[in-house]
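Note that the coordinates shown come from a computational prediction; the quantities given were computed from them, not determined experimentally. Numbers restart at 1 for each chain; the letters A, B, ... are given by sequence-line order, proteins then strands.
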Number of protein chains: 2
Amino acid sequence: MTVRAETSTPAREIWELLLELSMSRIRQRLLHTVTDLGLSFPQAHALKVLRPGHPIAMRELADGLHCDPSNITGIVDRMEARGLVERVADRADRRVKKLMLTRAGREHRARLLERMAEPPVQIRSLSVADQRALCAILRRVSGVRER
Amino acid sequence: MTVRAETSTPAREIWELLLELSMSRIRQRLLHTVTDLGLSFPQAHALKVLRPGHPIAMRELADGLHCDPSNITGIVDRMEARGLVERVADRADRRVKKLMLTRAGREHRARLLERMAEPPVQIRSLSVADQRALCAILRRVSGVRER
DNA sequence: TATTGTTATACTCTATAACTATA
DNA sequence: TATAGTTATAGAGTATAACAATA
């Protein structure tokens, strides 16, 4: 009723299936989408975080990408060199540089999000009943906070 | 019945939830597990592929890691320097080097797999009914047939 | 004093091309 | 000729530490 009940639960198999899905199939699909647009993962992530009309500081982008601020310099350098983004001095605090999408950046972002949003065939080919059930359960999974 | 039915399907929301789960939460968790053991992602992947008692050639490891063979030299160099793996000349074909786990490598691998297999709280705290349903659907997604 | 962004440095992963030693 | 593994090279991401400008 304690240990046996724990081990007879399908949690481990679920986790195994999710890991395999995440780390190979989903990742491969995403990598293809991203490199197709000439982006790296961090660049694509940055493009997703940088919403049109909502410029953010370098520091905020570092937080969004969960990496050290020193990395952001290089990542933004390369995106700026490709004309996707611009550094703009902040008049309120002259230490800060705000990041703004260029027109090309906004277009690239739109294409990226559009392609990323397209669900793969494995999901589309589930029955509607399965889809509804899966969606409801995943919402519950996402609602549980860490730790 | 065609376009409206398509768009009213929860496939897009499922995909959105799965992406967010895969690319942030699952990845963060895995990164933590792996770096805790002093490994990088490719090293951990290699450790998983290298089964005890089943030595494989460098080339086979490259295939397993889906990367160019030239990378494997460096990855194995670092694992060998840490005493996790050994290069052994193949007597049948002297071009080939077989990779064998050391004792420390086998122990490291066991710890890694053990920790990776532990499902996170988000899954464990689902109801048993949800777990069974989710497991069944994920099997279908993965193409694994019912047992 | 603290913070923002940058630089310097070092390490790992990634790929391509050229090389060696075998086959 | 072809293959297995390596080396050389280059580029990108990652972190830490130190720095200048600004708050």
Side-chain angles (χ1 to χ4, degrees), chain A residues 23-24 27-28 30-50 55-82 84-100, chain B residues 23-24 27-28 30-50 55-82 84-100:
Chain A
M23 290 299 104
S24 52
R27 195 169 168 74
Q28 281 308 308
L30 219 49
L31 183 63
H32 184 261
T33 300
V34 155
T35 52
D36 234 38
L37 289 166
L39 300 168
S40 64
F41 268 128
Q43 285 171 14
H45 194 167
L47 214 47
K48 195 179 168 197
V49 169
L50 284 168
I56 60 172
M58 298 283 282
R59 177 73 211 207
E60 296 176 88
L61 185 57
D63 293 341
L65 265 57
H66 306 109
C67 72
D68 192 88
S70 61
N71 298 323
I72 299 300
T73 300
I75 293 168
V76 168
D77 278 352
R78 289 178 276 273
M79 292 177 77
E80 200 169 21
R82 285 195 46 195
L84 299 175
V85 75
E86 275 178 332
R87 284 170 165 98
V88 180
D90 184 8
R91 283 187 305 170
D93 183 340
R94 294 194 308 181
R95 293 172 304 182
V96 171
K97 290 175 187 166
K98 293 286 190 116
L99 297 173
M100 284 181 54
Chain B
M23 290 300 104
S24 51
R27 194 168 169 74
Q28 282 306 308
L30 220 49
L31 184 62
H32 184 261
T33 300
V34 156
T35 53
D36 233 37
L37 288 166
L39 301 168
S40 64
F41 269 128
Q43 285 171 14
H45 195 168
L47 214 48
K48 194 178 168 198
V49 168
L50 283 169
I56 59 172
M58 298 283 281
R59 177 72 211 210
E60 295 175 89
L61 185 56
D63 292 341
L65 265 57
H66 306 111
C67 71
D68 193 88
S70 61
N71 299 323
I72 298 300
T73 300
I75 292 168
V76 168
D77 279 352
R78 288 177 278 274
M79 293 177 76
E80 200 169 23
R82 286 196 43 195
L84 300 175
V85 75
E86 276 179 332
R87 285 170 165 97
V88 180
D90 185 8
R91 283 187 305 172
D93 184 339
R94 294 195 308 181
R95 293 173 303 180
V96 171
K97 290 175 188 167
K98 292 284 189 117
L99 297 172
M100 283 180 53

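- The side chain of S40(A) places an N or O atom within less than 4.0 Å of a non-bridging phosphate oxygen (OP1 or OP2) of dG13(D).
- The CG atom of D68(B) sits 13 Å away from the C1' atom of dA18(C) (whole-angstrom rounding).
- One can place CG of D93(A) at 15 Å from C1' of dA20(D), the figure rounded to the nearest angstrom.
- The side chain of P69(A) sits closest to dT6(C) out of dA4(D), dT6(C), dT7(D).
- Distances shown here put every side-chain N or O of R82(B) at or beyond 4.0 Å from the OP1 or OP2 atom of dT12(C).
- In this model, the phosphate group of dT12(C) is not approached by any side-chain N or O of Q43(B) to a distance below 4.0 Å at OP1 or OP2.
- Taking each heavy atom of I72(A) and C67(A) in turn, the nearest pair found is CD1-SG, 3.7 Å.
- For a distance-only test at 3.5 Å, the side chain of S70(A) qualifies as a donor-acceptor partner of the base of dT16(D).
- Residue R95(B) places none of its side-chain N or O atoms closer than 4.0 Å to OP1 or OP2 of dT6(D).
- The phosphate of dT6(C) has OP1 or OP2 within less than 4.0 Å of a side-chain N or O from K97(A).
- Place R91(A) and P42(A) on DNA chain D by their nearest nucleotides, and P42(A) ends up nearer the 5' end.
- With distances taken from any side-chain atom of R94(A) to the nucleotides dT16(D), dA15(C), dA23(D), the minimum falls on dA23(D).
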